[in-house]
Q: 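Before we start, here is the structure in question, set down as structure tokens.
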Amino acid sequence: MGGSDALQSIVYARGSLRLLDQRKLPLELVYIDIKGATDGWNAIRDMVVRGAPAIAIAAALALAVEVSDLDFTGTPAEAASFVSKKLEYLVSSRPTAVNLSDAATKLQTLVSKKSETAKDAKAIFQVYVEAAEAMLIDDVADNKAIGSHGAKFLQRHLGNSKTISVLTHCNTGSLATAGYGTALGVIRALHSDGVLEKAFCTETRPFNQGSRLTAFELVHDKIPATLIADSAAAALMRQGRVHAIIVGADRITANGDTANKIGTYNLAISANHHGVQFYVAAPVTSIDLSLPSGEQIVIEERSPKELLNSEGGLGKQVAAPGISVWNPAFDVTPANLITGIITEKGVITKSDNDDGAFDIKGFIESAI
């Protein structure tokens with residue numbers, strides 16, 4: 001499953017998983033062999049692989065590799081418990097990304113149910129491996145649907161523009177997913193439709209996912225693009241050079257509040273001030289209806305080294321010794337600043353009543 005395309009972050013065949021080390025991009029293409037859940041946990045935590053959809057798939061496949069040929073002598077119930085505990089461990093690697101916990105819960109439910117009828121532990125592992133592999137295939141199809149829905153929606157709602165310029169933040173493309181991308185998938189679809197004038201990408205400090213990864217993908221695909229400093233976005237909007245902003249999401253709550261890479265909230269505020277439409281593109285697995293609002297989202301804090309040292313913490317020290325650091329990985333953008341949420345099922349828009357709120361639960365129920 002999967003080939004050797006340079007932009008493929010996950011290379012999988014049954015019993016084998018390699019993850020593209022995104023910390024070394026864009027200058028080196030290095031793949032790391034993942035032998036099991038521990039390797040997967042470390043790769044996710046250390047940001048070898050990143051992006052909410054890719055994290056979930058990488059975690060699931062890391063465990064699939066571990067159990068694909070495991071010599072396990074326990075009962076089916078014990079095998080299901082083994083899988084469940086390993087998934088709980090993997091979820092702890094990046095707690096903010098709901099895709100990971102959502103995938104783990106579904107896989108835990110699957111193996112638990114299978115254990116009621118399975119004759120041996122091998123059957124538990126077999127059903128798990130097949131489900132994890134299906135995630136990889138389904139993600140690409142979902143991303144292409146997100147791209148199609150988003151591109152068509154923007155063309156309808158930006159009717160005065162023959163061509164569209166879009167600003168994006170962080171990396172939401174092939175490197176953040178199984179392939180194609182979410183927010184970057186919309187940009188790809190606009191480009192394919194011949195209506196994209198330019199894509200602007202922020203460098204996305206402090207880990208530089210925009211300058212290292214998104215710029216790499218845009219250049220690779222020959223999409224007209226320009227890199228800007230994070231702090232230049234408001235000035236760009238003031239000049240009228242951006243028609244829409246499209247970002248990804250690590251978690252979307254029931255009211256539409258969205259956790260995404262730190263700096264997203266800044267962009268949403270600037271977009272609101274300058275009258276620029278602001279969209280979130282994500283699969284429905286990024287939606288967490290158990291949380292009523294963004295106030296309940298746990299925000300991961302990263303190592304101070306990412307700010308104190310160059311290259312996202314991997315290079316030489318650049319900050320004054322002794323300075324304290326606050327380094328949240330994400331921020332929360334309130335729903336009132338979001339124009340629409342683009343999913344593989346369609347675009348979630350706000351109701352016409354006075355509160356102008358998203359009816360996300362109703363959308364999901366009608367889409368299933």
Side-chain angles (χ1 to χ4, degrees), residues 6-7 9 22-27 29 50-51 143 146-147 150-151 153-155 157-158 160-177 180-249 260-281 310-312 331 333 337 339 342:
L7 298 188
S9 61
Q22 298 186 32
R23 301 169 301 179
K24 298 184 182 298
L25 290 173
L27 302 180
L29 291 175
R50 26 69 49 212
N143 290 343
I146 288 171
F153 189 90
L154 260 67
Q155 289 177 66
H157 288 77
L158 293 170
N160 293 330
S161 302
K162 291 183 179 179
T163 56
I164 300 170
S165 289
V166 177
L167 171 67
T168 192
H169 187 58
C170 198
N171 174 256
T172 58
S174 297
L175 298 171
T177 63
Y180 201 73
T182 54
L184 199 50
V186 177
I187 290 173
R188 282 190 164 102
L190 288 169
H191 179 61
S192 295
D193 290 346
V195 298
L196 180 73
E197 180 178 349
K198 187 177 287 290
F200 292 96
C201 59
T202 59
E203 57 182 345
T204 319
R205 290 279 301 145
F207 212 70
N208 296 321
Q209 294 98 324
S211 58
R212 291 189 303 106
L213 308 179
T214 300
F216 180 71
E217 292 199 44
L218 291 167
V219 170
H220 179 276
D221 285 7
K222 296 181 174 58
I223 295 174
T226 297
L227 173 68
I228 65 169
D230 293 10
S231 51
L236 190 72
M237 290 182 230
R238 186 178 183 183
Q239 291 183 6
R241 298 172 65 186
V242 177
H243 299 107
I245 296 174
I246 310 175
V247 301
N260 193 51
K261 184 55 56 185
I262 191 72
T264 302
Y265 181 37
N266 304 36
L267 290 174
I269 292 172
S270 292
N272 184 64
H273 177 76
H274 292 96
V276 175
Q277 296 182 17
F278 186 94
Y279 294 93
V280 172
S310 64
E311 300 176 32
D331 54 28
T333 299
L337 297 177
T339 307
I342 305 166

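When a residue number appears, it is its place in the shown sequence, counting from 1.
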Q: Applying side-chain contact (heavy atoms from CB on, under 4.5 Å), name anything that partners Asn266, two or more places apart in sequence or on another chain.
A: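 For Asn266, the residues satisfying side-chain contact (heavy atoms from CB on, under 4.5 Å) (neighbours in sequence not counted) are Asp331.
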Q: Search all heavy atoms of Thr177 against all heavy atoms of Ser9 and return the closest pair with its distance.
A: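 Reported closest heavy-atom pair: O-OG, 3.3 Å.
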Q: For a 4.5 angstrom cut-off between non-hydrogen side-chain atoms, does Ile342 reach Val186?
A: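 Ile342 reaches Val186 side chain to side chain.
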Q: Take Phe278 and Leu337 through the side-chain contact (heavy atoms from CB on, under 4.5 Å) test and state the conclusion after the steps.
A: CA-CA 7 Å; Phe278 186 94; Leu337 297 177; 5.7 Å; no
Q: Which distance, rounded to the nearest 0.5 Å, do you find between the NZ of Lys198 and the OG of Ser165?
A: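 Output value for this atom pair is 7.5 Å.
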Q: How long is the gap from OG on Ser211 to CZ on Arg205, to the nearest 0.5 Å?
A: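 Reported value, rounded in 0.5 Å steps: 9.0 Å.
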Q: Do Thr163 and Val195 make a side-chain contact, defined as non-hydrogen atoms from C-beta onward lying under 4.5 Å apart?
A: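 When only atoms from C-beta onward are counted, Val195 and Thr163 do not touch, as no gap falls below 4.5 Å.
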Q: Between Arg188 (side chain) and Tyr180 (backbone), is there a donor-acceptor pair under 3.5 Å?
A: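 Yes; judged by distance alone, with no hydrogens or angles, the pair exists.
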Q: Closest heavy-atom contact between Ala249 and Asn260?
A: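 The pair with the smallest heavy-atom distance is N-OD1, 3.4 Å.
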Q: Please find the pair of heavy atoms, one from Gly248 and one from Val280, that lie closest to each other, and give the distance.
A: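 Shortest heavy-atom contact: O-CG1, 3.9 Å.
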Q: Between Leu218 and Leu184, is the side-chain contact (heavy atoms from CB on, under 4.5 Å) condition met? List the steps.
A: CA-CA 9 Å; Leu218 291 167; Leu184 199 50; 3.8 Å; yes
Q: Under the 3.5 angstrom rule, does the side chain of Ser270 hit a backbone N or O of Leu267 as a donor-acceptor pair?
A: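 Judged by distance alone, no pair lies under 3.5 Å.
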Q: Taking the side chain as every heavy atom from C-beta outward, state whether Ile245 and Thr168 have any pair of such atoms under 4.5 Å apart.
A: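 Contact flag for Ile245/Thr168 side chains = no.
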Q: Taking Gln277's backbone N and O only, do any of them form a donor-acceptor pair with His243's side chain (distance below 3.5 Å, no angle check)?
A: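 Here the side-chain-to-backbone pair does not exist.
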Q: Quick one: pull up CD1 in Ile262 and CZ in Phe207 and give me the separation to the nearest 0.5 Å.
A: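 So the gap between those two atoms works out to 15.5 Å.
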Q: Is there a side-chain contact between Pro224 and His191 in this structure, where contact means two heavy atoms from C-beta onward sitting under 4.5 Å apart?
A: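 The answer is yes; the side chains approach within 4.5 Å.
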Q: Checking side-chain contact (heavy atoms from CB on, under 4.5 Å) for the pair Leu167/Ile228: CA distance, chi angles, key distance, verdict?
A: CA-CA 10 Å; Leu167 171 67; Ile228 65 169; 4.0 Å; yes
Q: Let me check something: any side-chain donor-acceptor pairs from residues 233-242 under 3.5 Å, sequence neighbours excluded? List them with distances.
A:
unit_1	atom_1	unit_2	atom_2	d
Gln239	OE1	Arg241	NH1	3.3

Q: Quick check on side chain to side chain contact (heavy atoms under 4.5 Å, CB included): which of Leu154, Thr172, Asp221, Leu196 does Ile187 satisfy it with?
A: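 Running side chain to side chain contact (heavy atoms under 4.5 Å, CB included) over Leu154, Thr172, Asp221, Leu196 with Ile187 returns exactly one hit, Leu196.
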Q: Rounded to the nearest 0.5 Å, what separates atom NE2 in His169 from atom CG in Asp230?
A: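 Between His169 NE2 and Asp230 CG, I get 5.5 Å after rounding to 0.5 Å.
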Q: Applying side-chain contact (heavy atoms from CB on, under 4.5 Å) to Cys170 and Arg50, what does each step give before you reach the verdict?
A: CA-CA 11 Å; Cys170 198; Arg50 26 69 49 212; 4.0 Å; yes
Q: Mind listing the closest non-hydrogen atom pair of Asn143 and Gly181 along with its distance?
A: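 Taking Asn143 first and Gly181 second, the nearest heavy atoms are CB-O, 3.2 Å.
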Q: Determine the sole option in Gln22, Gln209, Glu217 for which the side-chain hydrogen bond (donor to acceptor under 3.5 Å, both in side chains) test with Asn171 is passed.
A: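 Option passing the side-chain hydrogen bond (donor to acceptor under 3.5 Å, both in side chains) with Asn171: Glu217.
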Q: Which residues satisfy the ring-ring contact (aromatic ring centres under 6.0 Å, His included) test with Tyr279, sequence neighbours excluded?
A: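 For Tyr279, the residues satisfying ring-ring contact (aromatic ring centres under 6.0 Å, His included) (neighbours in sequence not counted) are Phe153.
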Q: Of all heavy-atom pairs between Arg212 and Phe216, which one has the smallest distance, and what is that distance?
A: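 Scanning both residues completely, I find the closest heavy atoms to be O-CB, 3.2 Å.
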Q: Provide the closest heavy-atom pair for Thr204 versus Gly210 in the form atom of the first, atom of the second, distance.
A: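 Heavy atoms of Thr204 and Gly210 come nearest at OG1-N, 3.5 Å.
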